[in-house]
Protein chains: 2
Amino acid sequence: MTTTMKKSSRVGITEVAKYCGQAPSTVSGVLNKRADCRVSEKTREKIMDAVAKLGYRPNLTARSLVSGKSNTLGMISTAQDIEPTTRIATAFEAEARKNGFMLLITFDPNDPEMEDKQINWLDDRRMDGLFLMPSETGDHLQLKSLMERKFPVVTLDGLGRLDVNCADVSVDYYEGGCMQAEHLLSLGRKRVCVANSVHSCWVVDQRIAGLQDTLLKAGAPKPLYMNLPFEARPIMDGPAGVHDFIRAFMLKNKDKMDAVVGTGDEVAMTVMGIAMNAGIRVPDEIAFAGCDGISFSANPFMPLTTIASPHEAIGQAAFKLLHTQIKRKNTVITPKMQLTFKPELVVRKSTVS
Amino acid sequence: MTTTMKKSSRVGITEVAKYCGQAPSTVSGVLNKRADCRVSEKTREKIMDAVAKLGYRPNLTARSLVSGKSNTLGMISTAQDIEPTTRIATAFEAEARKNGFMLLITFDPNDPEMEDKQINWLDDRRMDGLFLMPSETGDHLQLKSLMERKFPVVTLDGLGRLDVNCADVSVDYYEGGCMQAEHLLSLGRKRVCVANSVHSCWVVDQRIAGLQDTLLKAGAPKPLYMNLPFEARPIMDGPAGVHDFIRAFMLKNKDKMDAVVGTGDEVAMTVMGIAMNAGIRVPDEIAFAGCDGISFSANPFMPLTTIASPHEAIGQAAFKLLHTQIKRKNTVITPKMQLTFKPELVVRKSTVS
DNA sequence: CTGTTAGCGCCTTCAT
DNA sequence: ATGAAGGCGCTAACAG
């Protein structure tokens, strides 16, 4: 009899068993350290020996099929190209890895249909839990369907705008806006200009609301809105017209303002740079503040006052919330699983020289 | 007879078959549009109907088990927190998604042991191919073992430093260094200072080699090395001493240089900012240039001349190379599968006012 | 055209 | 203390 062609080039549990004269189930028991699998020390060694010698590696696909779980977490990330999201994702991954999970990742271009599709695909692959950065719009049908099945899910910045009661991590962006306003007011700045894109999104709306409410409450005038007729990003190296638009706006309106607030650090720094180029003295004539706390806001030459979010803590918390749900099946979602982080004011020379 | 408890809450192919009075294999054939599965239009409809009504979703784990492939690509990314890597990864993911692949991602903290471990885990999960950003050091044993098995792999920046003949995408960093030098020389700048971290890595070494070789060939003196006694990152918001160190160095040595080259854009911009704070006029007294082409190098106030890499093209090419190997099994690695991209000089006001 | 059979690699239960 | 049998959900080959 000739050697039959092996189906897979990798050695499986049966070959290990054959090699050391044991039954596959025994090998399985030893490998998984199953409690009820009592084996003599000698067979143990023989098995571990064979495993090492043959270079056995478990087929996790097969294991998943029977166990129904994959030790894999899904992550759907919008805008993986911006620093806050990247940092959250990195922290999340680090936690997941420490706990033996791998990540099935997809970058969703903020499209509701794509979100649903991706959730399905992830589900088809039997992920054990999902960390979702939900699309700005849409019905989130698949998310809802996951929730009905009590499938472990954590959303980022979802609580305030999704009509789903799921575990969530977010930042109190409204409060962040308030903090910006209070900081500016404390410096005697009341005539605020908001550098925003006309394309609104929840996070930005929250920030602006907090800012404006606080200003008005303090008797300051309603802010002046720049309403950039472009997407907020990319703005540094953005479409040709952006910088011209900003320059013209600043030159025309500089006397109506003593502070500019960006809806993100990049916008704030871009406007600040253009203003400085136009001869405006920062912060003497106009102060600048941003949001997010990206690394570049700390640059030594035009350091930006900003409202920083604790990205690393958010990513870690997201994993923990997910892990909890995975460990105890059918967890009921309680308010304790909906975390709101406080942002932090970082004062730099763009407001205080 | 009471309803028996279903093992899995999800409906499987057997339930669909039962529901529409067909055999599981028939359903499978229809669903996979198998060529040799000729079915009457009526049964087709019945089946598709049942699929829709029952909300059937395939269990990809089971499918993988039999097919031996998972439509999943592994990606091991070092330093997912820096823009170049992020952009490459994003482009790679977009291509992969278009072609029906999902990504199993892990962020490797540049640790050889971790790399090996991750490759194994990915392999255990039966990924169909691997996009690897190899650790700076180590033997890359698992990578080599993959190569022996002719497993589809593409490395990033691996060709020049790994003793493995695998498909690869990289950038001609040496040439990038040459371009920097030539640009500076064309402006009459010969006394170059290199802002580098003492922790060397292949990419940086290449850049420096190209720069120095070109300078020396042109009769310029050997560059002055700053040798920052810190990790290259984070540097903007880095450990307390970094900025002081740079400031002191610049003040002490400014008369010995007419240009500073950073081994990355962040370093270059940090040093440039500190120099400007110290009253040095840029570019009149000292010109500045960086590498990578991150978005912030385009900021309007201190725009940085840089050597930009085509990150998006790299990510796309990496996927294509991987896809090719996956489609035709046992591809022989040819030099055509080892792509070297040319960087591009982007001239900005930090060198030419 | 459609249904039956035999696994994919592993784990769990239940006999021995 | 160990092994045999059955099945996870799906697919491929082969019968009807």
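Within every chain, numbering begins at 1; the chains are lettered A, B, ... in the order of the sequence lines, protein sequences first and strands thereafter. FYI, side chains are in, hydrogens and waters are out, and symmetry mates aren't considered; it's all heavy atoms of this structure.
Under the 3.5 Å distance criterion, the side-chain polar atoms of A/Thr78 are left unmatched by any main-chain donor or acceptor of A/Asn110. Using a distance-only test at 3.5 Å, with no hydrogens or angles considered, no donor-acceptor pair links the side chain of A/Arg97 to the main chain of B/Gln118.
If you measure from atom CD1 of A/Ile13 to atom P of D/dG3, you get 13 Å, rounded to the nearest angstrom. Taking atom NZ of B/Lys18 as the reference point, atom P of C/dT2 lies 20 Å away to the nearest angstrom. B/Ile47 has its CD1 atom 9 Å from the P atom of C/dG3, to the nearest Å. In this structure, B/Arg10 atom CZ and D/dC10 atom P are separated by 11 Å, rounded to whole Å. The separation between A/Arg126 atom CZ and D/dG9 atom P is 8 Å, rounded to whole Å. Rounded to whole Å, the distance from CG on A/Asp124 to C1' on D/dG9 is 13 Å. Rounding to whole angstrom units, CG of residue A/Leu31 and C1' of C/dG9 are separated by 13 Å. With rounding to whole Å, A/Lys46 atom NZ is found 14 Å from D/dG3 atom C1'.
A/Pro24 comes within 4.0 angstrom of no nucleic acid atom, judged by non-hydrogen atoms across all strands.
Nearest-nucleotide positions on DNA chain C place B/Arg44 closer to the 5' end than the other of A/Thr14 and B/Arg44.
Residues B/Phe101 and B/Leu73 approach most closely at CD2-CD1, 3.4 Å, considering heavy atoms. Across A/Pro152 and A/Gln325, no two heavy atoms sit closer than the pair CA-OE1, 3.4 Å.
With a 6.0 Å radius and a threshold of 12 heavy atoms from other residues, nucleotides or ligands, B/Lys46 has its NZ atom above the threshold.
Proximity of B/Tyr56 to the phosphate of D/dC10: a side-chain N or O atom is located under 4.0 Å from OP1 or OP2. Between C/dG3 and B/Gln22, a contact under 4.0 Å exists linking OP1 or OP2 to a side-chain N or O. For C/dT5, neither phosphate oxygen OP1 nor OP2 lies less than 4.0 angstrom from any side-chain nitrogen or oxygen of B/Ser25. Side-chain N/O atoms of A/Thr26 include none lying less than 4.0 angstrom from OP1 or OP2 on D/dA1.
Between B/Thr43 and B/Thr26, every side-chain heavy-atom pair lies at or beyond the 4.5 Å cut-off.
For the contact set between residues 59-70 of chain B and DNA chain C, defined by any heavy atom under 4.0 Å, the members are B/Leu65, B/Val66.
Side chains of A/Arg125 and B/Thr72: a donor on one and an acceptor on the other come within 3.5 Å.
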